[in-house]
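What you see is a predicted model, and the numbers here were worked out from it, not measured in a lab.
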Amino acid sequence: MLDDQKYILSQVIDLIDEEKIDAVMMAGDIYDRKVPSEEAVALLDDFLSKLAAKKIPVLMISGNHDSDERLNFGSRIFSKNGIYVAGKYNGQINKVTIEDKYGPVNFYLMPFTERNQVEYYFPDDDTSTYEAAVNTALSHTGIDYSERNILLAHLFAISGTSEPELSGSETSAKNVGTIDKVSSGLFSEFEYTALGHIHRPQKVGSENVRYGGSLLKYSLNEINQSKAFTIVTINEKGTGPDITLIPIKPLHEMRELKGNFDELMKPENIEFPDDYIFMTLKDKTPIADAYAIAESRYKNLMGLRYDNSESKLADTEEINEGESGRDFSEMMADFYKKILGREPEDDEWKILNEVAKEAGVTE
């Protein structure tokens with residue numbers, strides 16, 4: 001989706017001029033994997049170079065998808081050009097101050113940080129829960145709350161018992177317990193908290209604690225979500241920020257098409273041949289070469305599945321058979337092929353094998 005990302009990032013550049021933006025915040029998950037492709041690195045380099053040329057400060061932190069070491073590389077050199085990167089937590093939260101007509105605004109950059117990292121630097125403080133660890137990290141930052149402060153953080157924040165709307169990968173991560181929850185009340189003294197991790201733009205409790213969301217839709221769960229650029233206007237101390245959401249117009253929309261295969265393939269029914277398509281077939285029996293045929297009509301086909309009682313029964317039988325007759329590696333390879341159309345990559349295999357061993361599935 002590089003062309004789509006280029007298209008969106010060009011809108012960011014235009015928006016900076018139109019709205020007279022003073023700084024750009026990027027709250028983690030800069031890449032989608034710890035070892036990004038050369039093309040993805042080049043695209044980010046081009047984007048940051050354009051921002052530096054405009055002398056627009058960039059505040060950037062790492063997310064759980066990023067490699068903190070890779071993202072941190074060259075950060076001291078970048079800062080000389082107004083690109084402030086916090087890729088790895090090292091016992092302190094970096095502070096960047098930018099002046100406006102009301103005086104200084106302090107940006108605190110907290111990259112994706114695990115509880116044991118905070119515990120390592122502050123063994124005598126409370127790190128018994130993830131929220132306690134985040135509170136400990138903030139308490140050692142020396143924040144003057146009489147000034148105007150903005151926090152960038154990559155974590156899972158909730159308001160009371162209300163959780164943010166999730167999609168795809170975040171749901172899976174939360175369900176298996178890899179993401180710990182933090183109360184949004186922890187950030188109440190900041191003028192604004194820019195959160196990363198959740199794909200849907202949304203507030204968490206109050207307007208001054210928000211997820212900016214992803215710039216594009218990346219999964220079937222996100223098809224009905226509205227993506228937006230989040231513009232935050234910081235006013236005088238104590239008056240609260242003004243929030244403006246500007247809808248994002250993608251190069252290609254993401255859609256789900258449902259129906260019988262023959263009907264969906266008729267030329268008169270093909271309205272969006274260039275969009276990203278998830279296809280759900282209602283046919284009672286599988287269609288030979290359905291994916292290849294559909295892909296010849298929709299070049300950006302993202303997935304194809306059947307939704308009928310026979311297919312659901314077949315899925316159940318296949319899973320049961322696999323659990324009793326195949327080893328872990330075969331099952332995972334088939335699972336990835338079915339869901340993503342490919343086998344796991346080396347770094348994914350490493351994680352899968354570690355988890356399987358910990359769970360006692362493998363030795």
Side-chain angles (χ1 to χ4, degrees), residues 25-30 32 59 61-66 68 86 89 93 107-119 122 125-141 143 145 149-215 217-232 234 240-243 245:
M25 296 185 289
M26 302 172 69
D29 286 349
I30 307 303
D32 66 339
L59 299 310
I61 62 174
S62 67
N64 57 303
H65 285 272
D66 299 310
D68 51 13
Y89 179 72
I93 299 175
F107 292 80
Y108 290 93
L109 312 185
M110 184 175 183
F112 176 68
T113 305
E114 299 189 68
R115 187 182 63 83
N116 59 358
Q117 290 177 286
V118 181
E119 184 180 28
F122 306 106
D125 288 39
D126 184 9
T127 56
S128 57
T129 65
Y130 188 64
E131 179 166 333
V134 172
N135 187 47
T136 291
L138 291 174
S139 68
H140 283 275
T141 304
I143 302 171
Y145 287 106
N149 302 303
I150 295 176
L151 175 68
L152 277 73
H154 191 94
L155 41 74
F156 190 86
I158 62 172
S159 175
T161 59
S162 177
E163 297 186 352
E165 183 179 325
L166 308 178
S167 57
S169 60
E170 308 114 326
T171 307
S172 300
K174 184 176 79 74
N175 286 345
V176 299
T178 58
I179 300 296
D180 291 292
K181 302 172 185 177
V182 174
S183 171
S184 62
L186 204 63
F187 315 123
S188 61
E189 294 189 73
F190 288 93
E191 264 59 44
Y192 185 77
T193 298
L195 297 175
H197 180 61
I198 305 301
H199 288 199
R200 179 181 177 270
Q202 60 194 290
K203 67 179 182 179
V204 184
S206 62
E207 286 288 347
N208 65 336
V209 180
R210 299 190 66 92
Y211 284 101
S214 61
L215 297 180
K217 299 174 183 179
Y218 291 106
S219 69
L220 178 61
N221 306 65
E222 298 174 66
I223 281 180
N224 295 319
Q225 290 184 9
S226 298
K227 304 296 185 181
F229 298 112
T230 304
I231 299 180
V232 185
I234 301 298
D242 295 324
I243 308 298
L245 299 181

Got [X] and [Y] here, is their nearest side-chain heavy-atom distance under 4.5 Å?
{"X": "Val182", "Y": "Tyr130", "result": "yes"}
{"X": "Leu195", "Y": "Leu155", "result": "yes"}
{"X": "Leu245", "Y": "Arg210", "result": "yes"}
{"X": "Asn64", "Y": "His154", "result": "yes"}
{"X": "Ile243", "Y": "Val232", "result": "yes"}
{"X": "Leu138", "Y": "Ile93", "result": "yes"}

Looking at every non-hydrogen atom in both residues, tell me the closest pair between [X] and [Y] and how far apart they are.
{"X": "Ser226", "Y": "Pro201", "value": "O-CD, 3.6 Å"}
{"X": "Ser159", "Y": "Gly205", "value": "OG-CA, 3.3 Å"}
{"X": "Ser183", "Y": "Glu131", "value": "N-OE1, 3.0 Å"}
{"X": "Tyr145", "Y": "Glu189", "value": "CD2-CB, 3.4 Å"}
{"X": "Phe112", "Y": "Gly63", "value": "CB-C, 3.6 Å"}
{"X": "Ile30", "Y": "Met26", "value": "CD1-CB, 3.9 Å"}

Keeping [X] on the side-chain end and [Y] on the backbone end, is there a donor-acceptor pair under 3.5 Å?
{"X": "Ser184", "Y": "Ala157", "answer": "no"}
{"X": "Ser128", "Y": "Asp126", "answer": "no"}
{"X": "Thr141", "Y": "Ile143", "answer": "no"}

Pick one: which of Arg200, Lys217, Lys227 meets salt bridge (charged side-chain N to carboxylate O under 4.0 Å, His left out) with Glu222?
Lys227
Applying ring-ring contact (aromatic ring centres under 6.0 Å, His included) to Phe107 and not counting sequence neighbours gives none
I need the [X] [atom1] to [Y] [atom2] distance, nearest 0.5 Å.
{"X": "Leu151", "Y": "Asn208", "atom1": "CG", "atom2": "CG", "result": "11.0 Å"}
{"X": "Leu109", "Y": "Ile150", "atom1": "CG", "atom2": "CD1", "result": "10.5 Å"}
{"X": "Thr230", "Y": "Lys203", "atom1": "OG1", "atom2": "NZ", "result": "13.0 Å"}
{"X": "Tyr89", "Y": "Ile61", "atom1": "OH", "atom2": "CD1", "result": "13.5 Å"}

Do His199 and Asn221 meet the criterion of a side-chain donor-acceptor pair at a distance under 3.5 Å?
no
Can you establish whether the number of heavy atoms outside Asn116 located under 6.0 Å from its atom CG is more than 12?
yes
How are the rings of His197 and Phe156 set to each other: parallel, tilted or perpendicular (split at 30° and 60°)?
perpendicular
